[in-house]
Structure formats: structure tokens, C-alpha cells
> 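Take a look at this one; I'll ask things after.
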Amino acid sequence: MRPSLMRSASQVLRRRRGYSSASGQPERKVAILGAAGGIGQPLSLLMKLNPLVSSLSLYDIAGTPGVAADVSHINAPAQVKGFMGDDQLGEALEGSDIVIIPAGVPRKPGMTRDDLFNINAGIVKNLCNAIAKYCPNALVNMISNPVNSTVPIAAEVFKKAGTYDEKKLFGVTTLDVVRAKTFYAGKANVPVTDVNVPVVGGHAGITILPLFSQATPATNALSDEDIKALTKRTQDGGTEVVEAKAGKGSATLSMAYAGAVFANACLKGLNGVPDVVECSFVQSTVTELPFFASKVKLGKNGVEEVLGLGQLSDFEKEGLENLKGELKASIEKGIKFANA
């Protein structure tokens, strides 16, 4: 890619995501655990382009030196280092402000997020033990699926280590928001860059509840059937990509983008930018469930405020009640695993 095109790509990212100049900003270290994987590689690229990142630490069990060398050649300010294997995990984590975890195995055709549980739960548990030891004050952005279970696992690991702070643990559900925005804009025929759609609940199947009644800009062009179809497509977005890739991958590129969007919001919050709001799966009292995804205001300590659900349509109220059983079971499964 020519330098002029690279500059253009970086400028587009900054403009769309509200990136600002790094001058005068605090030094911020971001660690990506699982950086050599399908999500990790494009996520590493996008975080390298973020001018709020001064140090980018890339970790995986294999392949990270090559990814780090490749990404480090990009003419953006972040200093990049690669780390590989258990013996280098501590060094990768030390001093991190944000730890993003896309580590684990991807979904394959016919595989549900729950099928991933036994493999990914163990990976997450080990990584969180290291986070508790080497960077206990970092914000943790959990991407590894099933998020409905891996976030509770992380919370239990941190509780056992005496480092748990509910304000600093996030399940990244941003891809559900990204999909809801895209699908809504296409159906309502409105500019996608102007669209906002809150997505609440969890991060799998029917636990994903887009609140299209609160979408902006509002439209009268969508029927009840359109809303139901958009909801179903948002819930099944991951399966749509898995099937389209015919067994050769899952939603890696869009997930990397969503992960970068959420990490950027966390960085802005840490740096004191006011009124930064994103949806995320966090410890919550919005419902009777201990964890729930809703709009969250981000600040210098992570979660500044967990926002309520607002006014729901009858269809959304029904969806909210329908998701609670499955989400509760997934949360309990994570807690049970962590304490086994």
C-alpha cells in the first residue's frame, strides 16, 4: 500500500471513531492476548493505528514475533513488542492500562458459542490469573467466547486473587451494536454513520436484544415484521458469517473492528474525555441477573455508570423476559467452572 493510501486509511479511522492527536495524552499501554489469531491480527493492526496507544504488547502461544514485526513497520506512534509462550506472559502484561482478550478457538459450522466453552474457559482462566498477578489495575476487555460465561469466569478468578474491581471488567458486545447499526441503516435507508442502536442482554443468540425502538435516527419505514427480522439477523450475525465462510473461519474482521472501537472508547474514558458511552456486558443491577449488557458510561476508572434500559416496546419486553433463563444459565456455568 502506498504511503498516501496508508495515511488516508488512518485518517478515516480517526475521523470515524473520534481519534484525536496523541500529543499531550497520557502514555497508554495496551496488551492483546491472542494477538496471532484470526481476530488478534487485524485487532493488532487497528490498535497500532490508534494514536492514543503509546505501547502495544502482542502476546500469543505461537506466531507473535512475526505479527509484531509486521505491525511494527507501520508508521504510527505506538511502540510494538511481541511476546510468546507462558514464560513471557508476565512481561507482556506488566504496566498495561487495557488488556484485550481475543484468545481461544473460533467457532466452526454447526458449533454454538456454548460448544466453545470447555476449551476457551480454561484459556481465559489461566490468562486472568496472570492479569491478577501482573497488571491487576488494568481494564479487561473480554472478547473470548462465550462472553456470557467468560466474563463471570474472569470475575471469579479476580475475586479469588483479591483484585476484582467490577468497574474494570467488560464483555465486548460491540459487534452486536455494529451489526444492528448496519442492518438498521440498510433497511431504513438512512446513513449508517449517523445510526445508533443500543443492544442489551448478552452476547449469544436470543440473549442479544437490539432495542430498535430506541434507534436514531428514528424511522416510520419499518413494520413490526421488519423489526423482528432485523432482531433475528442481529442475533444470528455470527452464524451468518460462519456459514458464508464455509468452515474456513468466523467473524474475525468485523470482531476486530468492534474490539478496536470499544478499546478506543475505554482509552478515551481513561484519558478523561467526557460522555463516552458504549454498550458492554458488565456486573449490573439493571436486572436481577448479576451480569448484563447495557449502555455504560466510561471514565477514568472504567465504568462510571451503568445506564438503565429506557423505554422498551412490547416486543422488546418479551425478548427481555425470554433471554433471562439462557443468560442466567450461562453466567452460572462460568461461575461454576471458575470455582471447580
> Which heavy atom of Phe183 sits nearest a heavy atom of Leu230, and at what distance?
O-CD2, 3.5 Å
> Measure the CD-OG distance between Gln25 and Ser54 for me, rounded to the nearest 0.5 Å.
10.5 Å
> Would one find more than 12 heavy atoms of other residues, nucleotides or ligands at under 6.0 Å from atom OH of Tyr134?
no
> Give the minimum heavy-atom separation between Pro191 and Ala185, together with the two atoms involved.
C-CB, 4.5 Å
> Run the side chain to side chain contact (heavy atoms under 4.5 Å, CB included) check on Val306 and Ser294 step by step: do they pass?
CA-CA 7 Å; Val306 178; Ser294 64; 3.6 Å; yes
> Output yes when a side-chain donor or acceptor of Gln41 lies under 3.5 Å from a complementary backbone atom of Ala36, and no otherwise.
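Between the backbone of Ala36 and the side chain of Gln41 there is a qualifying donor-acceptor contact (under 3.5 Å).
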> Side chain to side chain contact (heavy atoms under 4.5 Å, CB included) with Ala258: which residues, sequence neighbours excluded?
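For Ala258, the residues satisfying side chain to side chain contact (heavy atoms under 4.5 Å, CB included) (neighbours in sequence not counted) are Thr174, Leu175, Val178, Met255.
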> About how many Å separate NZ of Lys228 and CZ of Phe212, when rounded to the nearest 0.5 Å?
14.0 Å
> Is there a side chain to side chain contact (heavy atoms under 4.5 Å, CB included) between Leu298 and Lys268 once you walk through the steps?
CA-CA 8 Å; Leu298 301 168; Lys268 290 197 291 185; over 6 Å; no
> Counting only N and O atoms by type, is there a donor-acceptor contact under 3.5 Å from the side chain of Thr287 to the main-chain atoms of Leu289?
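Such a contact is found between Thr287 side chain and Leu289 backbone.
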> Return each pair, listed once, that meets ring-ring contact (aromatic ring centres under 6.0 Å, His included) where at least one residue sits in residues 58-99; pairs must be two or more places apart or across chains.
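Sorted pair list comes back empty.
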> Measure the shortest side-chain to side-chain distance between Cys128 and Met142 over non-hydrogen atoms and say whether it is less than 4.5 angstrom.
yes
> Between Lys245 and Thr252, does a side chain to side chain contact (heavy atoms under 4.5 Å, CB included) hold up when you go through it step by step?
CA-CA 11 Å; Lys245 290 189 175 182; Thr252 52; 3.4 Å; yes
> Do the side chains of Glu305 and Lys297 get close enough for a salt bridge, i.e. N-O under 4.0 angstrom?
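The answer is no: the pair does not qualify as a salt bridge.
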> With the side chain counted from C-beta on, respond yes when Ser330 and Thr207 share a heavy-atom pair under 4.5 Å apart, and no when they do not.
no
> Quick one: pull up CG in Leu56 and CE in Met47 and give me the separation to the nearest 0.5 Å.
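So the CG of Leu56 and the CE of Met47 are separated by 7.0 Å.
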> Is there side-chain contact between Leu89 and Leu33, with at least one heavy-atom pair below 4.5 Å?
yes
> Using ring-ring contact (aromatic ring centres under 6.0 Å, His included) as the criterion, list what pairs up with Phe158, not counting sequence neighbours.
none
> Identify whether Val177 and Val190 are in the same connected component of the hydrophobic contact network (ILVMFWY, side-chain heavy atoms under 4.5 Å).
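Different clusters: Val177 never reaches Val190 through Ile, Leu, Val, Met, Phe, Trp or Tyr contacts under 4.5 Å.
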> Please check this pair: side chain of Lys48 against backbone of Ala76, looking for a donor-acceptor N/O pair closer than 3.5 Å.
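It does hold such a pair.
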> Got a sec: does the NZ of Lys160 have more than 12 other heavy atoms crowding it under 6.0 Å?
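Yes, because the 6.0 Å sphere around NZ of Lys160 holds more than 12 heavy atoms from other groups.
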> Should the heavy atoms of other residues, nucleotides or ligands under 6.0 Å from CG of Leu307 be counted, would the total exceed 12?
yes
> Should Val195 and Pro217 count as side-chain neighbours, where that means a heavy-atom distance under 4.5 Å?
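Yes - at least one pair of side-chain heavy atoms lies under 4.5 Å apart.
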> Looking at Pro102 and Gly40, what are the two nearest heavy atoms and their distance?
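Heavy atoms only, the tightest pair is CG-CA, 4.2 Å.
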> Count the heavy atoms of every other residue, nucleotide or ligand shown that sit under 6.0 Å from CG of Asp87, and state whether that count exceeds 12.
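Yes.
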> Return the minimal non-hydrogen interatomic distance between Gly201 and Leu327, and the atom names on each side.
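Minimum heavy-atom separation between Gly201 and Leu327: O-CD2, 3.6 Å.
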> List the steps and the verdict of side chain to side chain contact (heavy atoms under 4.5 Å, CB included) for Glu278 and Asn264.
CA-CA 11 Å; Glu278 292 285 345; Asn264 182 61; over 6 Å; no
> Does the side chain of Glu166 reach to within under 4.5 Å of the side chain of Val303, using non-hydrogen atoms?
no
> Using a 3.5 Å distance criterion without hydrogens, assess whether the side chain of Gln214 forms a donor-acceptor pair with backbone atoms of Leu309.
yes
> Roughly how far apart are Leu49 CG and Asn75 CG, rounded to 0.5 Å?
9.0 Å
> Testing the basics here: between Ile100 and Leu43, what is the closest heavy-atom pair and its distance to 0.1 Å?
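Where Ile100 meets Leu43 most closely, the heavy atoms are CG2-CD2, 3.7 Å.
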> Quick one: pull up CG in Asn141 and SG in Cys266 and give me the separation to the nearest 0.5 Å.
4.5 Å
> When hydrophobic residues are tied together by side-chain contacts of less than 4.5 Å, even through go-betweens, does Leu127 share a cluster with Ile39?
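In one cluster: yes.
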> Linking I/L/V/M/F/W/Y whenever any side-chain heavy atoms sit under 4.5 Å apart, do Val172 and Leu270 land together?
yes
> For Phe170, which of Ile143, Val151, Leu139, Val140 qualifies under side chain to side chain contact (heavy atoms under 4.5 Å, CB included)?
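Of all the options given, the one that passes is Leu139.
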> Check Lys328 with Glu288, please: is the shortest side-chain N to carboxylate O separation under 4.0 Å?
no
> Would you say Val277 and Val282 are hydrophobically clustered, going by side-chain heavy atoms of ILVMFWY under 4.5 Å?
no
> Might you point out which heavy atoms bring Ala251 and Arg179 nearest each other, and give the distance in Å?
CB-NH2, 3.3 Å
> Got a donor-acceptor contact below 3.5 angstrom from the Thr64 side chain to the Gly82 backbone?
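It does not hold such a pair.
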> Determine yes or no for a side-chain-to-main-chain donor-acceptor pair under 3.5 angstrom, with Asp176 supplying the side chain and Val199 the backbone.
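Answer holds: no.
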> Is a donor on one side and an acceptor on the other found under 3.5 Å between the side chain of Asn271 and the backbone of Val273?
no
> Mark yes when over 12 heavy atoms from residues, nucleotides or ligands other than Gln79 sit less than 6.0 Å from its CD; otherwise mark no.
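Incorrect, the count does not exceed 12.
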> Hydrophobic clusters here meaning ILVMFWY residues chained together by side-chain heavy-atom distances under 4.5 Å, can you tell me if Ile61 and Val67 are in one?
yes
> Would you check if the side chain of Glu240 reaches a backbone N or O of Asp236 as a donor-acceptor pair within less than 3.5 Å?
no
> Quick one: CG on Leu211 to SG on Cys279, what's the gap to the nearest 0.5 Å?
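Here the interatomic distance stands at 8.0 Å.
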> So which of Asp224, Thr231, Leu320 actually passes side chain to side chain contact (heavy atoms under 4.5 Å, CB included) with Phe315?
Thr231
> Using only atom types and a distance under 3.5 Å, with no angle test, would you say the side chain of Glu316 pairs donor to acceptor with the backbone of Ser313?
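Pair found, side chain donor or acceptor close to backbone of Ser313.
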> Side chains of Asn120 and Thr150: donor-acceptor distance under 3.5 Å anywhere?
no
> Just to verify, what does Glu156 make a side chain to side chain contact (heavy atoms under 4.5 Å, CB included) with, not counting sequence neighbours?
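Glu156 satisfies side chain to side chain contact (heavy atoms under 4.5 Å, CB included) with Lys159, Ile335, Ala338, Asn339 once adjacent residues are dropped.
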> Answer yes or no: are there more than 12 heavy-atom neighbours, outside Lys81 itself, under 6.0 Å from its atom NZ?
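Count not over threshold, so no.
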> List the residues meeting side chain to side chain contact (heavy atoms under 4.5 Å, CB included) with Asn322, not counting sequence neighbours, and say none if there are none.
Glu318
> Tell me if a side-chain donor or acceptor on Asp97 pairs with a main-chain N or O of Lys29 at a distance below 3.5 Å.
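Answer holds: yes.
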> Any chance CG of Asp86 has more than 12 other-residue heavy atoms, nucleotides or ligands included, within less than 6.0 Å?
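Result for CG/Asp86: open.
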> Residues in side chain to side chain contact (heavy atoms under 4.5 Å, CB included) with Lys125, at least two apart?
Asn129, Ile153, Val157, Phe337
